[in-house]
Amino acid sequence: MRTDSSPQTIFRKDYTPPAYLVDTVELGFDLDPDRTVVANRITMRQNPASKSRDIVLHGEEIELVALRLNGKTLAPTEYHLNGSTLTIRKAPAKAVLEIETLCAPVQNTSLSGLYVSNGNFFTQCEAEGFRRITYFPDRPDVMAKYTVMLRADKAAYPVLLSNGNLIEEGELGDGRHYAKWEDPFKKPSYLFALVAARLVCQEERYTLQSGREVLLQVWVEEGNLDKTDYAMQSLKNSIRWDEERFGLELDLDRFMIVAVGDFNMGAMENKGLNIFNTKFVLANPRVATDIDYAGIEAVVGHEYFHNWTGNRVTCRDWFQLSLKEGLTVFRDQEFSADMIGTDSGRAVTRIDQVRTLRQAQFPEDAGPMSHPVRPDSFVEINNFYTVTVYEKGAEVVRMYQTLVGRDGFRKGMDLYFKRHDGQAVECDDFRAAMADANGRDLRQFERWYSQAGTPIVTARTRYDAVKRNFDIILSQRCPASAGQADKLPFHIPVAVGLLSASGKDLPLTLEGGKHAKGATTVVLELTEQEQIFRFRHVDERPTPSILRDFSAPVILEYDYTDDELLHLFSHDSDPVNRWEAGQRLAMERLLKLTAQVAAAGGSDAGLKLDATFIDAQRAVLTDDTLDPAFRELALILPSEIIIAEQMDVVDPQAIHVARQFMRRTIGAALKSELLVQYHANQTPGAYSPDALSAGKRALKNLCLSYLMVAPDMAELKLAQQQFEKAGNMTDRSAALVSMIHSGAEAGPYLKAFYQDFEHEALVIDKWFAMQAAAPTTNVAAVRKLMQHPAFTLKNPNRARSLIFNFTSANPSQFHAADGSAYEFWAEFVIKLDAINPQVAARLARGMDRWRRYAPALQAKMKKALEKVAGRAKLSNDVLEVVTKALAN
Ligand code: B3K
Ligand code: ZN
């Protein structure tokens, strides 16, 4: 909670090095839910890079019991406690601080610092949670070696874990026991972790490529041991992949993953002791979907890869967050793609990434919270764990690889570790390593880190049949974003191919280009405001395929004709652009239909969908040479959120009606083909989460959802049978969702589902989520669901499952004309803020795009924002979000 009246903005330009460096930290914990005693002994020395001689420590929500400097107790007059900083002025060059503090983990509902979940102790320190455990220079550029002594009741907390290696354990009498852990590597405080719990583990000895043997453990609550195989397998795959792709070896003898039910985000990369949201650990076919399995693989990989990109080389300050997050997301994306192994599988993962960017990052970049990949300021750092820092950050890293090639990228990574292992560095250091290892000038590339907003690349083309030249003229601009008016040109890699009339890739000769002879895709480097690129020896007017593989996170404008798009949709050898052509065809139609619905007062009477489009959809649906996963993606229409982003004034109801009309029309026109594919893509036999099987299930379930837009008896029966006979959660939940969305009586099925999974928290989350996101669920229905005994605001997964899915995945109900859902939003932002500011601030983001709606809705949204902003007691987290929303 805010203690002083106005929140402070922290600026990147104000960075100063720490006055003192820390060599060792010895922590002692006497764990008790109500009153935990923390003893902390820090060995410090003056930092030659700083002129200051003041020791500055951070502390929050903890009670200081004793403070000693070099053996002598300090009287309250010998230090200064101001808000959350404790300062010892004019300290000696060498200082040993001994600090004793108290905290109350059971009362910690923010889930930051040391807290209790289901009777067990866990910690979460990133970004600034360590200061809620003890006084410390809680900043990432202070790296030290830690020794940790844990003491607790043995019956209640038989398992005591911390970072690094277990060096001693034993009994204490009184039913208490202890464990001593030592982390051999220097680390910043945000990577500290402890767990004291009643847990069980799946463990395995694993041999690294070097021959060294390590111990791997996945810790869960009793009763969940049947759900740890996939996390363990993913961990082993991650270890192997990082050895093979980047030559990076696990540096510890022991690596642990611990699952916890109450957690603010996905997982945390604490050194040697990764703590995970149960959602990204627990899986078996009965309870987890294909998407859950893919999520586990990605997040286990992500946290493991942080061991090098984040832990061994960390961030100088929190403005550099993308240094570790953008890079590590890129690494987990490449890992997931490599695990599938096929080109088409790789393309499917790439299309998913593009969809996430458009669904979440582009709107963020165009809204009030817009910020560069490396922000210049923040009020609350927890608000900057964003899709911009993570996903756009990963795109920025991907562009290096596109510019210098895969081998060049590896050289850059090698140099980065050679230069910076054990250091806390900046995004600029990573860029310098990429540039220096490849002899490239990447100075202009820096703008991807400093300028916010999504660049718009406009392409024009001209063909000279006599000279056989084809010119692509590219220009760029970037709209003003919050706090940034004028932008300079970016360094943009634009991958391009040219298709012949028969749909074949033409071999390319780029004037002045250095590409291989016969290449069919070349990367154009757009660095100026406008540039002309000339292709020679082009015998016919080609269809350009621009921004292949989504080579840069930009919006591409090109005046494609329908015929050109249809040509690309049928033939482009680049699967991402092939999919993209289909999305453009759909989007054009969706926007027209939406305008017609709006003009007709919300009615879909008289709407038409052209046969050309339906035929193109049919062709893809029935093309058995295409990967089922690709076909599914090609047939999903752009989401209501993505359509909204294309409109000047958003009309959520009209979008919903238009999109539903289109789905219903496709469902009716392709009914027989959908049925054929539904049956052809069954996956009988034992469940396997592999990409091919998952792709078949995705296509099959998409077919079902189309058939269920306006189902007849036979189609309803199909869904019901699938629900009843399904041998896995993917098929079971897909059948149930299709029933809920069709408006058919789903009550008995929802009830049966609930009863079957009453004791599986993650499945009950799904049960809430699928109802919250259904366009048939209005705010009154959500309020009713909140009365359900299984609902609680205290568990982030549960709160998100119902509230967030309603406010962010159910736009036509969230934007109900009477504004009742906005009032609901305000009420729960406020209620959640009193429990957990980080979760509340995420919910608060739901109103970011309020200025884009019709005036009547805008006024109601503004009122809701003002209601929240006007509260006397608000966290900095929520205050920053709503203040920025109202200001920009
Ligand atoms: N580094 C953590 C995120 C911490 C979020 C703090 N609010 C997880 C991850 O990105 O791997
Ligand atoms: Zn991360």
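In each ligand, atom 1 is the first atom listed, and ligand 1 is the first ligand listed.
Using a cut-off of 4.0 Å between Lys/Arg side-chain N and Asp/Glu carboxylate O, K766 and D292 are scored as salt-bridged. Salt bridge annotation for D414-K418: absent, with no cationic side-chain nitrogen under 4.0 angstrom from a carboxylate oxygen. Remark: R316 does not engage D429 in a salt bridge, criterion side-chain N to carboxylate O under 4.0 Å. One finds no salt bridge joining D765 and R800 here, because no Lys/Arg side-chain nitrogen approaches an Asp/Glu carboxylate oxygen to under 4.0 Å. Remark: R849 does not engage E364 in a salt bridge, criterion side-chain N to carboxylate O under 4.0 Å.
The protein non-hydrogen atom at the shortest distance from atom 8 (C) of ligand 1 is A267 O, 2.9 Å.
The M268 neighbourhood of ligand 1 comprises atoms 1 (N), 2 (C), with distances under 4.0 Å to a heavy atom of that residue. Close approach to E269 involves these atoms of ligand 1, each under 4.0 Å from a residue heavy atom: 1 (N), 2 (C), 8 (C), 9 (C), 11 (O). For ligand 1, the atoms lying closer than 4.0 Å to a non-hydrogen atom of H306 are 9 (C), 10 (O), 11 (O). Below 4.0 Å from some heavy atom of E325 lie the following atoms of ligand 1, by number and element: 1 (N), 9 (C), 10 (O). Each of the atoms 1 (N) of ligand 1 lies under 4.0 Å from some heavy atom of K324.
The option from V299, N382, L111 that lies nearest to atom 7 (N) of ligand 1, judged by heavy atoms, is N382. When the heavy atoms of E303, E126, Q838, Q124 are ranked by distance to atom 2 (C) of ligand 1, first place goes to E126. Among Y390, Y304, Y190, the residue whose heavy atom sits closest to atom 3 (C) of ligand 1 is Y390.
For E325, the nearest N, O or S atom to the Zn ion (ligand 2) falls under 2.8 Å.
A donor atom on one side chain and an acceptor atom on the other are not found under 3.5 Å apart for N118 and D262. In this structure, a donor-acceptor pair under 3.5 Å is present between the side chains of Y15 and D141. Looking at W308 and D242, their side chains never bring a donor and an acceptor atom within 3.5 Å of each other.
Closest to the Zn ion (ligand 2) among the N, O or S atoms of H306 is NE2.
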